[in-house]
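One structure is given here, and the rest of the page talks about it.
We number each residue from 1, following the sequence as shown. Everything quoted here is computed from the prediction, not taken from an experiment. The figures here come from the full heavy-atom set of this structure, side chains too, leaving out hydrogens, waters and symmetry mates.
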Amino acid sequence: MKFPAFAYVAPTTVAEALAALADDDDARPLAGGQTLLPILALRMSTPTCLVDLNGIDALKQITLGEDAVTVGAMVTHAGNAASAIHREHVPLLSEAVPFVAHDAVRNRGTIGGSIAYADTAAEMPLVALALDATLIIAGAGGERRVAAEDFFLGHYTTAIGDGELLTAIEFPLSTRRWAFEEVARRPGDFALVMAATGARIDNGRLVDVRIALGCIADRPVRARAAEAFLEGQAIAPATLGEAARLATADLRSHGDIHASADYRRDVGARLVARALNRICGATT
């Protein structure tokens, strides 16, 4: 199908982009276009103006600071995959990026676009939650910072307000070991279930535990009961197995044409077990 008619603006600064969005209540920002353009072709959305962010070089930087790695919203998935900074300081992001669709999509799609769209089956929202990322949002009143846990409000719903832009994602540095696991129908398809686990190992005990799951609820979620259970525990197969069970035991999962709620809970527990075994150095 053909796109609906729309105006097109190509700003070169964030200020120009915000001004263009403020001038038209029905304007939409265009990042990589890997989601928006198919939606336009299907006439599921009919914005009056597209504000193309690809000319804003300030949104394409990866910066290593003293306490965090800051990733511009317009950094592509391919750019994140190639980043030596990520491999050393944000290894979970490096591990998850290859699961994002295919090369053609990763070359154009952006981390900011994925997070702002907030599809529960997308990898980057889960990574942001697992890593305690801070989302930096610009608007007419200046910048504001939102924790990932407060950013995702539901499927396709975030804390970004009208006329605002997600400009960067800040990943705090940590010394956790990380592992990412995903099940999809085929490589490159949207996930059916995914899990990320992280922890430090101190004298054979798990500390600073993090367990997050995606594509089970209407947003990425933390498995807090499993995290609390594992904190300070000595590594043992039975302990890891119980944590995996707890990770999905109380989750309100959703089912659809691709997978039932029971399937997602069962597979989610198995993925948590696999990821925990990996960070503990055990075989799976």
[X] (side chain) donor-acceptor with [Y] (main chain) under 3.5 angstrom:
| X | Y | value |
| --- | --- | --- |
| Arg219 | Phe151 | no |
| Arg252 | Ala217 | no |
| Arg145 | Leu135 | no |
| Arg264 | Val193 | no |
| Asn107 | Asp103 | yes |
| Glu182 | Ala195 | no |
| Asp150 | Val146 | no |
| Glu88 | Ala84 | no |
| Ser83 | Ala81 | no |
| Gln34 | Gly32 | yes |

Any chance you could measure [X], atom [atom1], to [Y], atom [atom2], to the nearest 0.5 Å?
| X | Y | atom1 | atom2 | result |
| --- | --- | --- | --- | --- |
| Glu16 | Leu53 | CD | CG | 11.5 Å |
| Ile111 | Leu166 | CD1 | CG | 9.0 Å |
| Arg28 | Thr46 | CZ | OG1 | 10.0 Å |

Distance-only criterion, 3.5 Å: show the donor-acceptor pairs between side-chain atoms of residues 91-98 and protein atoms not counting sequence neighbours.
{"from": "Ser94", "atom 1": "OG", "to": "Arg87", "atom 2": "N", "distance (Å)": "3.3"}
{"from": "Glu95", "atom 1": "OE1", "to": "Arg278", "atom 2": "NH2", "distance (Å)": "3.4"}
{"from": "Glu95", "atom 1": "OE2", "to": "Phe180", "atom 2": "N", "distance (Å)": "3.1"}
{"from": "Glu95", "atom 1": "OE2", "to": "Arg278", "atom 2": "NH1", "distance (Å)": "2.8"}
{"from": "Glu95", "atom 1": "OE2", "to": "Arg278", "atom 2": "NH2", "distance (Å)": "2.6"}

Taking the side chain as every heavy atom from C-beta outward, state whether [X] and [Y] have any pair of such atoms under 4.5 Å apart.
| X | Y | result |
| --- | --- | --- |
| Pro220 | Val127 | no |
| Thr197 | Trp178 | no |
| Leu206 | Cys280 | yes |
| Ile39 | Phe3 | no |
| Leu21 | Pro29 | yes |
| Leu230 | Ile211 | yes |

Next on the checklist: How about CG on Asp250, more than 12 heavy atoms from neighbouring residues, nucleotides or ligands closer than 6.0 Å, or not?
Outcome noted: no

Next on the checklist: Could you check whether atom CZ of Arg270 has more than 12 heavy atoms from other residues, nucleotides or ligands sitting under 6.0 Å from it?
Outcome noted: no

Checklist entry - Does Ile201 share a hydrophobic cluster with Leu240, counting links as ILVMFWY side-chain heavy atoms below 4.5 Å and allowing steps through other members? => result yes

Checklist entry - Relative to each other, are the rings of His86 and Phe171 parallel, tilted or perpendicular (30° and 60° limits)? => result perpendicular

Checklist entry - Can you list every pair that meets salt bridge (charged side-chain N to carboxylate O under 4.0 Å, His left out) and has a residue in residues 192-212, with sequence neighbours left out? => result Asp132-Arg210, Arg176-Asp208, Arg200-Asp208, Arg210-Glu227

Next on the checklist: Between Thr120 and Asp218, is there a side-chain donor-acceptor contact under 3.5 Å, judged purely by atom types and distance?
Outcome noted: no

Checklist entry - Can a donor-acceptor pair be found between the side chains of Arg108 and Thr76 at a distance below 3.5 Å? => result no

Would you tabulate the side-chain donor-acceptor contacts of residues 55-64 under 3.5 Å, counting partners in other chains and residues two or more places apart, or write 'none'?
{"from": "Lys60", "atom 1": "NZ", "to": "Asn54", "atom 2": "O", "distance (Å)": "2.5"}
{"from": "Gln61", "atom 1": "NE2", "to": "Asp57", "atom 2": "O", "distance (Å)": "2.9"}

